[in-house]
Asks: 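Submitted below is the structure of interest, expressed as structure tokens.
Throughout, numbering of the chain's residues begins at 1 and tracks the sequence.
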Amino acid sequence: MTRAAIPGLPSRYPIGELLPALYADDDLAQRFTAGLDTVLAPVLSTLDNLPAYFDPSLAPADFLPWLASWVGVEADPAWPVELRRAVVARAVELHRWRGTRRGLIERLRLCCGVHADVRDGGGATWSAEPGTTLPPPPTGELLVRVWPVREGVAVDARRVLDVAAASCPVHLTCRVEVLPGPPGEPEQTGS
């Protein structure tokens, strides 16, 4: 959609009505200003509704990529519009938690509709006591275990991996495991 002339959109501020009384009955002046009204009506309408353009829940769908660029987030055009709106709306909050377990878990819940358990294989360890034994070397793998928020909903493992890999530090590999439910719950067996 483009912000251009919209057939039949009336101007809230017709220029012909703003002219001096001398031109109120002048047909040429009224037709000329009506033409200007047709061109200016979309501009004035956009300006009148400008706050709505900056609210991700109200902005036109084709305006969302621009809003996303303002808050430094990429919303996949293949995602449903409501998901893109939510990602843009929560971008600043999620940036605060970027690079943390909490940030990845929140991003996966928002973008993929899953609960997650993140096992970080990188990082640093320390000890307050000198001479203690060294910890084992990090695995270098980020393990993301996910399960659906609602029972019976399929998890798109590829999408989860894409979101997790985009949030994963470059020095770690990323692996995703899809679980039927929260880890530690016994498996359901049919009777």
Side-chain angles (χ1 to χ4, degrees), residues 51-59 61-191:
Y53 281 82
F54 301 122
D55 182 347
S57 63
L58 300 174
D62 65 326
F63 201 74
L64 285 174
W66 196 43
L67 282 180
S69 73
W70 283 15
V71 292
V73 70
E74 289 189 31
D76 188 341
W79 292 349
V81 173
E82 291 310 313
L83 176 57
R84 285 184 279 149
R85 290 182 190 282
V87 167
V88 171
R90 293 199 51 209
V92 173
E93 174 192 349
L94 290 175
H95 282 317
R96 288 186 194 131
W97 297 106
R98 186 173 174 98
T100 66
R101 280 189 176 112
R102 177 179 175 179
L104 180 55
I105 290 169
E106 288 297 317
R107 186 170 298 277
L108 288 169
R109 182 176 296 131
L110 176 65
C111 296
C112 302
V114 296
H115 290 296
D117 176 40
V118 177
R119 306 282 170 102
D120 188 0
T125 58
W126 60 276
S127 173
E129 297 179 25
T132 58
T133 59
L134 293 174
T139 63
E141 177 182 73
L142 182 72
L143 173 60
V144 180
R145 297 166 38 170
V146 297
W147 61 97
V149 172
R150 290 182 309 276
E151 191 173 319
V153 176
V155 174
D156 183 351
R158 184 74 206 153
R159 186 170 172 188
V160 171
L161 182 59
D162 289 345
V163 171
S167 302
C168 181
V170 72
H171 68 282
L172 296 177
T173 59
C174 186
R175 184 167 55 101
V176 171
E177 289 181 1
V178 178
L179 307 174
E185 278 190 3
E187 293 286 327
Q188 297 287 332
T189 57
S191 312

Asks: Judged by atom type as modelled, is there a donor-acceptor pair below 3.5 Å linking the side chain of Arg175 to the main-chain atoms of Leu143?
Replies: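 Not confirmed, Arg175 side chain does not pair with Leu143 backbone.
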
Asks: Could you give the distance from CZ (Arg90) to CZ (Arg107), rounded to the nearest 0.5 Å?
Replies: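 Here the interatomic distance stands at 9.5 Å.
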
Asks: Do you know the tightest heavy-atom contact between Leu108 and Ala164?
Replies: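 The answer is CD2-N, 4.4 Å.
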
Asks: Are the side chain of Arg85 and the backbone N or O of Ala59 linked by a donor-acceptor pair below 3.5 Å?
Replies: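 Checked: pair present.
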
Asks: Run the side chain to side chain contact (heavy atoms under 4.5 Å, CB included) test on Tyr53 and Leu67 for me, step by step, so that the C-alpha distance in whole Å, both residues' side-chain angles and the decisive distance to 0.1 Å come before the verdict.
Replies: CA-CA 9 Å; Tyr53 281 82; Leu67 282 180; over 6 Å; no

Asks: Taking all heavy atoms of Pro130 and all of Ala128, pick out the closest pair and write down the distance.
Replies: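 For Pro130 and Ala128, the tightest heavy-atom pair comes out as CD-O, 3.8 Å.
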
Asks: Do Leu179 and Asp117 have side chains that approach each other closer than 4.5 Å (heavy atoms only, starting at C-beta)?
Replies: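 Contact flag for Leu179/Asp117 side chains = no.
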
Asks: Would you say the side chain of Cys112 lies within less than 4.5 Å of the side chain of Val163, judging by non-hydrogen atoms?
Replies: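 They are in contact (side-chain heavy atoms under 4.5 Å apart), so the answer is yes.
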
Asks: Working to the nearest 0.5 angstrom, can you tell me the gap between Cys168 SG and Leu161 CG?
Replies: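 Between Cys168 SG and Leu161 CG, I get 9.5 Å after rounding to 0.5 Å.
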
Asks: So that I know where these two stand, are Phe54 and Trp70 an aromatic pair - ring centroids less than 6.0 Å apart?
Replies: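 Phe54 vs Trp70: aromatic centres under 6.0 Å.
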
Asks: Please name the pair of heavy atoms, one in Trp79 and one in Cys111, separated by the smallest distance, quoted to 0.1 Å.
Replies: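 Answer, listing the atom of Trp79 first, then Cys111: CH2-SG, 3.6 Å.
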
Asks: Is there a side-chain contact between Val81 and Arg84, using heavy atoms and a 4.5 Å cut-off?
Replies: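 Yes, side chains in contact.
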
Asks: Would you mind checking if Arg96 and Glu93 are paired as a salt bridge, meaning a charged N to carboxylate O distance below 4.0 Å?
Replies: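 Salt bridge between Glu93 and Arg96, a charged N being under 4.0 Å from a carboxylate O: no.
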
Asks: For Val178 and Val160, run side chain to side chain contact (heavy atoms under 4.5 Å, CB included): C-alpha distance rounded to whole Å, both residues' side-chain angles, the deciding distance at 0.1 Å, then the answer.
Replies: CA-CA 9 Å; Val178 178; Val160 171; over 6 Å; no

Asks: Can you tell me how far apart CG (Leu83) and CG (Leu110) are? Round to the nearest 0.5 Å.
Replies: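 Here the rounded value is 6.0 Å.
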
Asks: If you compare all heavy atoms of His115 against all heavy atoms of Arg109, which two are closest, and at what distance to 0.1 Å?
Replies: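 Closest approach of His115 to Arg109, heavy atoms only: ND1-NH2, 3.6 Å.
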
Asks: Taking all heavy atoms of Arg145 and all of Pro183, pick out the closest pair and write down the distance.
Replies: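 Arg145 and Pro183 have their closest heavy atoms at NH2-CB, 2.7 Å.
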
Asks: Looking only at heavy atoms, what is the nearest atom pair of Cys174 and Val144, with distance?
Replies: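 Looking at all heavy atoms of both residues, the shortest contact is SG-CG2, 4.3 Å.
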
Asks: Is there a side-chain contact between Val73 and Leu94 (heavy atoms, below 4.5 Å)?
Replies: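 No, side chains not in contact.
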
Asks: Can you tell me how far CG of Leu172 sits from CD of Glu141, rounded to the nearest 0.5 angstrom?
Replies: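 Here the interatomic distance stands at 9.0 Å.
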
Asks: Decide side chain to side chain contact (heavy atoms under 4.5 Å, CB included) for Val87 and Asp76; before the verdict, give the C-alpha distance in whole Å, the side-chain angles of both, and the deciding distance to 0.1 Å.
Replies: CA-CA 10 Å; Val87 167; Asp76 188 341; over 6 Å; no

